[in-house]
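These numbers come from the heavy atoms of this one structure, side chains and all, not from hydrogens, waters or symmetry mates. First the proteins, then the strands, lettered A, B, ... as listed; each starts at 1.
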Amino acid sequence: MELDFKSLALKWQKNWTDTQAYKVEIQPGKPKYYVLDMFPYPSGAGLHVGHPLGYIASDIVARYKRMNGFNVLHPMGYDSFGLPAEQYAIQTGQHPAKTTEQNVKRYREQMDQLGFSFDWSRSVQTSDPGYYKWTQWIFKRFFNAYYDTKLLKARDISDLISQFESEGNVNVEAYTEYNEFFTATDWKAFSASDKENILQHYRLAYLSDVWVNWCPTLGTVLANDEVVNGTSVRGGHPVEQKKMRQWSMRIKAYAERLLEGLNNIDWSDSIKDQQKNWIGKSEGALISFEMAEANLPAIQVFSTRPDTIFGVSFLVLAPENPIVEILTPPECKASVLQYQKEVSLKSERERLTEIKNQTGVFTGAYVIHPFSKEKVPVWIGDYVLANYGTGAVMAVPAGDQRDYDFAMKFNLPIPSIFENCDLTQGAVVDKKAILCNASFLDGLTYAEATPKVLDALEKIGQGIRKINYRLRDAVFSRQRYWGEPFPVYYDLEIPRLVEDRDLPVELPKIDAFLPTEEGEPPLARAQKTDWNVHLGDRMEFNTMPGWAGSSWYFLRYLDPKCEEGLASKESMDYWKNVDLYIGGNEHATGHLLYARFWTKFLCDLGIVPFDEPFKKLINQGMILGRSSYVYRLKAKNTFVSHGLKEAHECFPVHVDIALVENDLLNLEGFKNWLPEYKNAEFILEPNGTYVCGYEVEKMSKSKFNVQTPDELVEKYGADTLRMYEMFLGPIEQSKPWDIKGITGVHGFLKKFWRLYHSNGVFGLSEETPTSEEWRVLHKTIKKVREDIDRFSLNTVVSSMMIAVNELTDLKCNKKQILTDLNLLLAPYAPYITAEIWEKIAGKNTLINDAKFPEFDESYLVESTFSYPISFNGKMRFTVELDLSLDIKEIEKLILNMEETKKWLDGKVPKKMIIVPGRIVNVVI
RNA sequence: GCGGAUGUGGUGAAAUUGGUAGACACGCUAGACUUAGGAUCUAGUGCCGAGAGGUAUGCGGGUUCGAGUCCCUCCAUCCGCACCA
């Protein structure tokens with residue numbers, strides 16, 4: 001019987017469904033292993049070959065772990081809220097739920113084909129009310145929590161309120177930017193609305209007026225990680241800064257723990273660095289400069305170089321800094337306002353592109369230097385950012401290049417504060433430079449001067465040590481329809497939570513998926529009766545962002561039907577966090593940071609028993625497309641083959657890769673592809689073929705280089721595709737997709753199949769294997785185990801090929817060998833191995849639960865070794881020697897050989913390096 | 001500018017602790033078997049050289065008996081961040 005992978009696939013897909021082969025339950029006492037893929041957004045285009053790369057890898061590990069006695073949790077679901085379905089709804093009126101359902105169905109079919117061992121009974125969709133009920137439930141916990149900066153954890157807001165009631169906020173240790181003080185009496189006198197406004201400064205989910213990334217085309221705000229170079233990641237639409245009342249999450253409170261936690265997880269340096277960078281911790285001082293004019297508040301600046309304070313020759317504030325208005329004297333008002341207006345008209349993008357061209361204007365105000373007591377002018381300039389630090393810097397032109405440039409441009413003094421320095425070319429940024437003209441800091445370096453100046457500042461009460469983070473609070477609302485509604489309603493514009501028992505607040509029916517005429521989000525279109533829950537004056541009209549549902553989905557898989565909580569305590573205690581997480585690195589500072597944040601928060605509240613969601617992370621590389629080109633003669637419908645194109649004046653044109661195999665063009669197919677090529681003519685290679693050129697590019701429809709898994713599964717079967725995707729190279733590496741090599745893997749599977757069949761009939765011999773056969777098997781077991789354990793999934797394929805080649809050469813059809821060989825391949829090629837297993841073991845067991853072969857060292861013991869003999873490090877010949885020989889004996893044997901004498905060429909060896917079982921090196 | 005990753009045949013790559021560089025596969029060359037092959041099998045295939053041999057892991061140095069692997073300098077490509085005080 002020839003290998004018929006199509007009927008095998010149908011047979012085993014049905015079998016696995018009928019027997020619920022991949023359904024798992026808690027098994028106390030059995031070790032667990034949780035393997036997770038980043039769940040996909042189900043787009044209309046379906047999966048292309050890049051998507052399954054990670055799924056195949058995780059499936060191999062899942063199957064391997066299962067065969068090694070682990071209870072493996074391997075679920076899959078859909079991040080099904082998102083912009084494309086809504087954009088499609090706007091264009092066509094089709095409800096996004098409908099589109100989503102169709103796309104999910106298509107994804108499921110594609111994934112089923114590939115033979116994944118997902119437990120689909122645990123699948124979740126973020127847009128399912130049964131799921132987002134719990135997303136809302138979590139939001140409520142954030143709203144009802146504040147961060148205790150002493151205990152370093154989130155606590156219930158009621159604890160904070162009791163403290164306000166008993167002693168006001170003077171001694172409160174809570175994370176906030178709120179800097180006004182009130183007493184218990186004050187608190188009791190506040191109105192409900194005042195109280196809530198204050199609490200909003202402490203809650204971990206809060207409302208505030210913030211500058212947001214507003215994307216007019218999409219009609220919504222975007223998170224910082226959703227904006228690149230001033231345009232939206234999705235769609236590339238322009239983004240502008242706008243001040244709006246928005247929900248945010250107080251992620252800044254967790255900055256230090258998010259940074260610290262990176263030390264305890266097994267993620268790549270690149271992702272950890274990206275997160276570190278994003279959090280952007282810097283240590284320094286908060287220094288206050290008193291205004292020269294009485295009755296004006298001091299200006300606070302943040303500096304990481306307080307040691308250079310004697311080099312301050314001016315201060316610069318961000319143009320948006322609200323204090324500017326207060327300190328600007330009347331005579332400068334006009335020029336300051338004029339400048340502020342100019343800056344505000346510039347888009348984020350313009351400010352970024354004009355980075356080198358600093359602008360600014362003098363405010364007319366002066367501050368007093370804390371030590372020298374000299375007057376220092378205050379400027380505003382757009383190189384100072386409003387939302388970093390305090391939005392103000394002390395400028396030290398001698399020690400900071402940006403300050404230096406600003407000083408040069410506006411002709412401000414550049415006082416020298418370092419010994420023997422040249423300030424004509426630029427600032428001195430070397431931290432080893434020795435300070436001078438710096439009063440009590442003279443003769444010191446950065447490291448010595450910093451603690452000294454900090455102590456001095458603290459003593460005079462004009463500065464404190466301060467750690468600053470670049471990380472900003474995450475905006476949590478979107479002005480869209482297709483997202484989670486908030487469990488929030490308003491009474492006189494005071495936000496109130498919907499009771500747990502009334503959740504979920506479901507998405508109401510609306511007449512169009514567009515903003516209202518007043519510019520309110522689409523949910524404002526819903527009538528009172530359209531809501532399943534409607535309280536107070538109105539419901540919240542915003543919806544949650546895409547990252548809401550994806551920040552906790554790995555928890556829901558533990559117990560997806562749970563009605564009492566996110567998941568039962570039992571399931572969380574058993575399955576715990578994800579042992580292996582596989583996905584693309586585009587989520588480095590978005591999803592992966594938010595999921596860590598939510599997990600830490602839920603851990604603080606005692607809801608989950610761990611504080612990092614993903615113990616090990618592997619980022620699969622991107623699969624790039626390999627486009628094919630034909631070369632069209634100028635102004636003609638004639639195409640010249642790649643090998644001859646230099647001799648003609650021609651230009652490259654993309655051609656559909658479906659018409660090209662091994663770079664050879666299917667000429668008839670090409671003519672029928674597009675009407676304009678109907679009468680195409682060709683200039684062929686001497687051997688009569690048309691060879692196409694190629695280019696490695698991103699996969700996209702317009703380049704005709706998109707490869708879906710479907711065609712390949714149809715042509716070669718899922719086992720081949722799975723093995724081939726792994727065979728391409730290391731999982732983390734980006735690589736071009738090229739189907740050229742797929743025939744090699746397909747050939748391997750046929751050869752593998754032939755080991756078990758002679759003349760088309762299945763049959764294995766009961767004979768005792770030879771020692772050579774045992775050696776091949778155990779060498780392979782060792783290699784396969786070691787390689788899967790270190791996620792080197794590509795080399796496993798090679799080792800299996802070698803084993804099959806060697807066993808074929810040995811004409812091995814021994815049951816004892818081939819049973820184990822089949823088990824070794826099972827994680828990679830589930831269909832073919834299931835079929836062979838059935839023939840070996842019968843219908844009553846599944847290969848999925850069979851024991852993965854154990855390695856036995858005794859089969860690999862050799863008595864001789866083929867020594868490479870080198871002269872001065874260059875390998876010249878090899879000699880088979882007994883491994884029992886000692887160094888002296890080896891030396892003697894080697895020196896007496898004819899070959900050795902030839903290479904010694906009469907000289908006497910200076911030294912012999914002999915590593916038994918490894919190498920011999922003769923030094924001449 | 002800062003940070004990270006990667007550089008090995010015509011191609012994808014392998015070489016886990018420094019120890020026979022290029023395993024495995026594609027492609028290519030020649031051959032066998034076939035009505036046919038996108039089936040199967042055999043032999044060859046880094047480069048130079050008829051051969052002996054020489055040479056070779058981005059460039060240049062270094063450490064070592066021995067370096068793709070360790071150290072230093074530089075170059076290229078990709079990714080991330082970027083007036084972050």
Check: Is the closest side-chain donor-acceptor distance between A:Q274 and A:T589 under 3.5 Å?
Finding: no
Grab the N/O contacts between the protein and nucleotides 60-70 of chain B below 3.5 Å, and write none if there aren't any.
residue : atom : partner : partner atom : Å
B:rC65  : O2'  : A:N921  : ND2          : 3.1
B:rC65  : O2   : A:N921  : ND2          : 2.7

Notebook entry, point to check: If you check the A:D273 side chain, which of B:rA21, B:rA23, B:rG3 turns out closest?
Noted result: B:rG3
Check: Counting only heavy atoms not in A:M897, do more than 12 sit closer than 6.0 Å to its CE atom?
Finding: yes
Notebook entry, point to check: How many Å lie between CD on A:Q733 and P on B:rC78, as a whole number?
Noted result: 16 Å
Checklist line | Earlier contact from the 5' end, RNA chain B, for A:N387 and A:R790 | finding: A:R790
Notebook entry, point to check: Base, sugar-phosphate, or nothing for A:S798, non-hydrogen atoms under 4.0 angstrom?
Noted result: base
Notebook entry, point to check: According to the interplanar angle, ranging from 0 to 90°, do the rings of A:W379 and A:F406 count as parallel (below 30°), tilted (30 to 60°) or perpendicular (above 60°)?
Noted result: perpendicular
Notebook entry, point to check: Pick one for B:rG4: is it syn, with its angle within 90° of 0, or anti?
Noted result: anti
Next item on the list: Send over the distance from A:L317 CG to B:rC84 P, rounded to a whole Å.
Entry: 17 Å
Check: Would you say a side-chain N or O of A:N794 is under 4.0 Å from OP1 or OP2 of B:rA14?
Finding: yes
Check: So A:H591 and A:H587, would you call those rings parallel, tilted or perpendicular, with 30° and 60° as cut-offs?
Finding: perpendicular
Notebook entry, point to check: Counting a pair only when it is Watson-Crick or G-U and both distances are under 3.5 Å, which runs of at least 3 such pairs involve RNA chain B?
Noted result: B:1-7 with B:75-81, B:10-12 with B:24-26, B:27-32 with B:40-45, B:46-48 with B:53-55, B:60-62 with B:70-72
Next item on the list: Find which nucleotide of RNA chain B each of A:D787 and A:V920 is nearest to by heavy atoms, and output the residue with the more 5' nucleotide.
Entry: A:D787
Notebook entry, point to check: Between atom CG in A:L793 and atom P in B:rA14, what is the gap in whole Å?
Noted result: 12 Å
Notebook entry, point to check: So which heavy atom on A:S799 is nearest to which on A:D787, and how close?
Noted result: OG-OD2, 4.3 Å
Next item on the list: Please work out which of the three classes, parallel, tilted or perpendicular, describes the rings of A:F871 and A:F877, given edges at 30° and 60°.
Entry: tilted
Item checked: Gap separating the CG atom of A:L821 from the SG atom of A:C812, nearest 0.5 angstrom -> 8.5 Å
Notebook entry, point to check: Out of B:rC26, B:rU20, B:rA25, which has the shortest distance to the side chain of A:N805?
Noted result: B:rA25
Check: In the 5'-to-3' direction, what one-character label does each nucleotide of nucleotides 40-56 of chain B receive under the scheme B = base within less than 4.0 Å of a protein heavy atom, S = sugar-phosphate only, - = no such atom?
Finding: SS-----------SSS-
